[in-house]
Undergrad: 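My questions will all concern the structure given below.
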Amino acid sequence: MNNFLLSVIIPVFNEEKNITPLLDRLLPILKDYQYEVLFVSDGSTDNTAHEVKKHAEKNTQIKFLNFYRNFGHQMALTCGYRFAKGDCVITIDADLQDPPEVIHEMVNKWKTGAKVVYAKRKTRDVDSFFKKQTAAYFYRLINFLSETPIPDEVGDFRLLDKEIVAFLNNLPEQSRFLRGLVAWGGYPAEYVYFKREKRHTGETHYTFSRMLNFAMDGIISFSTKPLRLASYMGFFSAAVGFLGIIYAIIGKIVHPVGWVTGWTALFVGIMFVGGVQLLTIGIIGEYISRIYIEVQKRPQYLIKEMTNL
Ligand code: UDP
Ligand code: MG
């Protein structure tokens with residue numbers, strides 16, 4: 001018997017049909033360990049709570065937390081990390097896209113000293129062309145903008161040593177782009193590879209607008225370069241304007257006639273400057289809204305009920 005506790009955190013949002021199939025595959029793997037399975041229901045409105053509690057009644061190593069409403073995937077994971085007692089903690093999706101079978105390999109890497117073990121997608125055949133492309137561009141962009149390199153093809157399926165869990169739990173910030181925060185710590189990381197499977201039942205909860213918000217969060221929390229970009233654009237358009245003034249003055253002296261028309265140039269100039277200004281205000285606004293959320297210090301989630309905790 002292994003002499004450590006393994007925690008498995010599973011965020012669930014309307015996954016009623018996936019709970020039993022997931023446990024059927026997960027529990028045989030966990031029987032080699034001392035374990036706890038922590039389901040965090042992110043405000044599910046279907047039978048998810050009932051399904052989980054049914055299993056929790058029979059097996060007290062299955063624990064359950066339920067939020068009042070949907071606070072988001074990252075908040076469900078954040079809450080899971082706060083309650084997990086394990087020496088190592090694995091986060092896994094409920095929809096069986098992450099195969100539980102690789103847990104053994106992850107734990108073995110942890111035993112040999114890795115503080116972070118990422119499960120990396122070998123193939124993504126099941127994801128749409130669009131999702132693959134947007135994900136690839138997102139990682140390229142964030143790695144260009146941020147000083148913290150975030151590994152690509154890595155989602156929230158990972159193992160963390162309890163030291164890193166403590167680090168995450170002690171972070172005071174509201175914004176929780178967890179894969180970025182883990183990478184920011186620079187802990188020695190290892191990889192295991194897996195084939196991403198199809199969702200067992202149901203649809204993805206990450207719609208396009210949610211993906212966009214998630215990407216924005218990642219960029220704003222890990223880079224201030226967009227602000228610098230705003231300054232550069234300001235310099236650039238001011239420089240163009242300045243050159244325009246010099247051109248106009250010289251033109252007036254050298255060519256006093258034929259210097260009246262040109263509303264196209266005027267129109268283009270106004271649109272350009274107006275666009276740069278709005279974009280710049282928008283960028284500043286994104287950062288200010290983050291500051292606003294941080295100073296409000298509202299709870300990150302609200303727990304409605306707990307079972308076996
Ligand atoms: N999830 C959650 N809260 C949300 C959205 C998703 O807890 O607001 C959970 C969901 O139940 C699943 C995991 O997060 O276990 C990943 O979500 P999903 O499969 O929809 O995302 P995808 O795999 O398509 O990126
Ligand atoms: Mg999924």
Side-chain angles (χ1 to χ4, degrees), residues 7-23 25-26 37-52 55 62-84 89-100 102-103 118-139 150 152-158 175-180 194-218 300-305:
S7 302
V8 179
I9 300 171
I10 310 171
V12 282
F13 177 48
N14 293 348
E15 306 276 7
E16 56 180 5
K17 294 210 176 70
N18 291 330
I19 307 290
T20 304
L22 172 68
L23 285 173
R25 252 174 86 180
L26 182 65
V37 177
L38 256 161
F39 281 96
V40 184
S41 164
D42 187 11
S44 301
T45 50
D46 64 355
N47 253 329
T48 300
H50 174 77
E51 280 291 310
V52 177
H55 289 280
I62 297 176
K63 301 169 182 189
F64 180 57
L65 284 145
N66 201 356
F67 289 173
Y68 274 102
R69 63 164 171 87
N70 183 261
F71 284 89
H73 181 198
Q74 301 294 302
M75 291 311 164
L77 293 174
T78 299
C79 172
Y81 281 132
R82 294 227 170 90
F83 283 87
V89 179
I90 290 177
T91 44
I92 186 169
D93 284 358
D95 54 10
L96 284 165
Q97 286 199 284
D98 306 335
V102 300
I103 287 179
Y118 293 111
K120 194 165 171 147
R121 294 161 195 149
K122 212 165 33 188
T123 53
R124 247 182 193 257
D125 307 340
V126 295
D127 283 337
S128 67
F129 177 76
F130 180 71
K131 181 143 187 169
K132 278 188 270 195
Q133 291 300 313
T134 47
Y137 280 113
F138 167 65
Y139 282 105
I150 297 175
D152 68 344
E153 294 302 321
V154 165
D156 284 306
F157 186 20
R158 64 179 161 252
S175 145
R176 296 267 148 182
F177 186 71
L178 288 165
R179 59 190 76 168
F194 74 101
K195 183 167 170 285
R196 187 140 162 104
E197 287 165 34
K198 263 210 175 71
R199 210 170 210 288
H200 187 261
T201 57
E203 292 280 319
T204 175
H205 300 105
Y206 275 93
T207 54
F208 179 68
S209 71
R210 270 193 153 198
M211 256 162 39
L212 206 62
N213 280 336
F214 185 61
M216 273 295 230
D217 264 344
Q300 290 160 326
Y301 47 79
L302 292 170
I303 298 170
K304 183 163 81 174
E305 56 176 334

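Order of listing sets the numbers, starting from 1, for every ligand and every atom in it. Just so it is clear, the model here is predicted, and its values are computed rather than measured.
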Undergrad: Hey, is the main chain of Glu16 close enough, under 3.5 Å, to the side chain of Asn47 for a donor-acceptor pair?
TA: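 No; judged by distance alone, with no hydrogens or angles, the pair does not exist.
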Undergrad: Considering the options Asn14, Asn66, Asn70, Asp46, which one meets the side-chain hydrogen bond (donor to acceptor under 3.5 Å, both in side chains) requirement together with Ser41?
TA: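 Of all the options given, the one that passes is Asn66.
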Undergrad: Can you report which non-hydrogen protein atom sits closest to atom 20 (O) of ligand 1, along with the distance?
TA: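 The answer is His205 N, 2.6 Å.
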Undergrad: Without swapping roles, check the side chain of Asn18 against the backbone of Thr201 for a donor-acceptor pair under 3.5 Å.
TA: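 Looks like yes, one N/O pair under 3.5 Å.
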Undergrad: So, Arg176 versus Tyr81: side-chain donor-acceptor pair below 3.5 Å or not?
TA: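 Note: Arg176 and Tyr81 side chains miss the donor-acceptor criterion.
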Undergrad: Which of the numbered atoms in ligand 1 are under 4.0 angstrom from any heavy atom belonging to Asn70?
TA: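 Near Asn70, the atoms of ligand 1 are 3 (N), 4 (C), 8 (O).
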Undergrad: Have a look at ligand 1 and work out which part of Arg196, if any, has a heavy atom under 4.0 Å from it: side chain, backbone, both or neither.
TA: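 For Arg196, the contact with ligand 1 is made by the side chain alone.
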Undergrad: At what distance is the nearest protein heavy atom to atom 3 (N) of ligand 1, and which residue and atom is it?
TA: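 Going atom by atom, the protein heavy atom closest to atom 3 (N) of ligand 1 ends up being Asp42 OD2, 2.6 Å.
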Undergrad: Backbone or side chain, does any N or O of Glu15 fall under 3.5 Å from an N or O of ligand 1?
TA: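 Yes; at least one N/O pair falls below 3.5 Å.
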Undergrad: Could you tell me the residue and atom name of the protein heavy atom closest to atom 21 (O) of ligand 1, and the distance to it rounded to 0.1 Å?
TA: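 Among all protein heavy atoms, the one nearest atom 21 (O) of ligand 1 is Tyr206 CD1, 3.3 Å.
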Undergrad: For atom 19 (O) of ligand 1, find the nearest protein heavy atom and state the residue, atom name and distance (0.1 Å precision).
TA: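 The closest one turns out to be Asp95 OD2, 2.6 Å.
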Undergrad: Take the angle between the ring planes of Phe177 and Phe138 and call it parallel below 30°, perpendicular above 60°, tilted in between.
TA: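 Judged by the thresholds at 30° and 60°, the geometry between Phe177 and Phe138 is perpendicular.
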Undergrad: In the protein, what heavy atom is nearest to atom 25 (O) of ligand 1, and what distance, to one decimal place, separates them?
TA: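 Among all protein heavy atoms, the one nearest atom 25 (O) of ligand 1 is Lys131 NZ, 3.3 Å.
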Undergrad: Starting from atom 15 (O) of ligand 1, which protein heavy atom do you reach first, and at what distance in Å?
TA: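 In this structure, atom 15 (O) of ligand 1 has Pro11 O, 2.8 Å as its nearest protein heavy atom.
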Undergrad: For Tyr139, check ring-ring contact (aromatic ring centres under 6.0 Å, His included) against everything at least two apart and list the hits.
TA: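 So Tyr139 forms no ring-ring contact (aromatic ring centres under 6.0 Å, His included) with any residue.
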Undergrad: Ignoring hydrogens and geometry, is there a side-chain-to-backbone donor-acceptor pair from Asp95 to Gln97 under 3.5 Å?
TA: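 Judged by distance alone, yes, a pair lies under 3.5 Å.
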Undergrad: Starting at CZ of Phe208, measure out to CZ of Arg210 and round the result to the nearest 0.5 Å.
TA: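 That separation rounds to 14.5 Å.
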Undergrad: Quick check on contacts: which atoms of ligand 1 are under 4.0 angstrom from a heavy atom of Arg199?
TA: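 Those atoms are 18 (P), 19 (O), 20 (O).
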Undergrad: Does Met211 have a non-hydrogen atom less than 4.0 Å from ligand 1?
TA: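 It does not; every heavy atom stays at 4.0 Å or beyond.
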Undergrad: Just by modelled atom types, is the Ile9 backbone N or O under 3.5 Å from a matching donor or acceptor in the Thr91 side chain?
TA: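 No; judged by distance alone, with no hydrogens or angles, the pair does not exist.
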Undergrad: Compute both the distance and the angle, then confirm whether Arg69 meets the cation-pi test with Phe71: under 6.0 Å from the six-membered ring centre, within 45 degrees of the axis.
TA: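 Output yes; distance and angle both within limits.
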Undergrad: Counting no waters, how many protein N/O/S atoms sit under 2.8 Å from the Mg ion (ligand 2)?
TA: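 Every protein N, O or S atom under 2.8 Å from the Mg ion (ligand 2) counted, the figure is 2.
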Undergrad: Tell me the protein heavy atom at minimum distance from atom 13 (C) of ligand 1, and give that distance in Å.
TA: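 Heavy-atom neighbour on the protein nearest atom 13 (C) of ligand 1: Asp93 OD1, 3.5 Å.
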Undergrad: Please write down residue, atom name and distance for the protein heavy atom closest to atom 24 (O) of ligand 1.
TA: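 Nearest neighbour among protein heavy atoms for atom 24 (O) of ligand 1, to 0.1 Å: Thr204 OG1, 2.5 Å.
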Undergrad: Please identify which atoms of ligand 1 are closer than 4.0 Å to at least one heavy atom of Ala94.
TA: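 Selected atoms, number and element: 15 (O).
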Undergrad: Classify the contact between Arg210 and ligand 1 as side chain, backbone, both or neither, using a heavy-atom distance cut-off of under 4.0 Å.
TA: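 The answer is the side chain.
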Undergrad: Would you tell me whether Thr20 and Glu51 have side-chain atoms, one donor and one acceptor, within less than 3.5 Å of each other?
TA: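 Side-chain D/A pair, Thr20 to Glu51: present.
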Undergrad: Atom CD1 of Ile92 and atom CG of Leu22: how far apart are they, to the nearest 0.5 Å?
TA: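 If we round to the nearest 0.5 Å, Ile92:CD1 and Leu22:CG are 6.5 Å apart.
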Undergrad: Which atoms of ligand 1 sit under 4.0 Å from any heavy atom of Gly72?
TA: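 Here the atoms of ligand 1 in question are 3 (N), 8 (O).
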Undergrad: Within a 6.0 Å radius of atom NZ on Lys198, are there more than 12 heavy atoms belonging to other residues, nucleotides or ligands?
TA: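 No, the 6.0 Å shell around NZ holds no more than 12 heavy atoms from other groups.
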Undergrad: Is the ring pair His205/Phe13 parallel, tilted or perpendicular, if the boundaries are 30 and 60 degrees?
TA: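 Ring orientation of His205 relative to Phe13: tilted.
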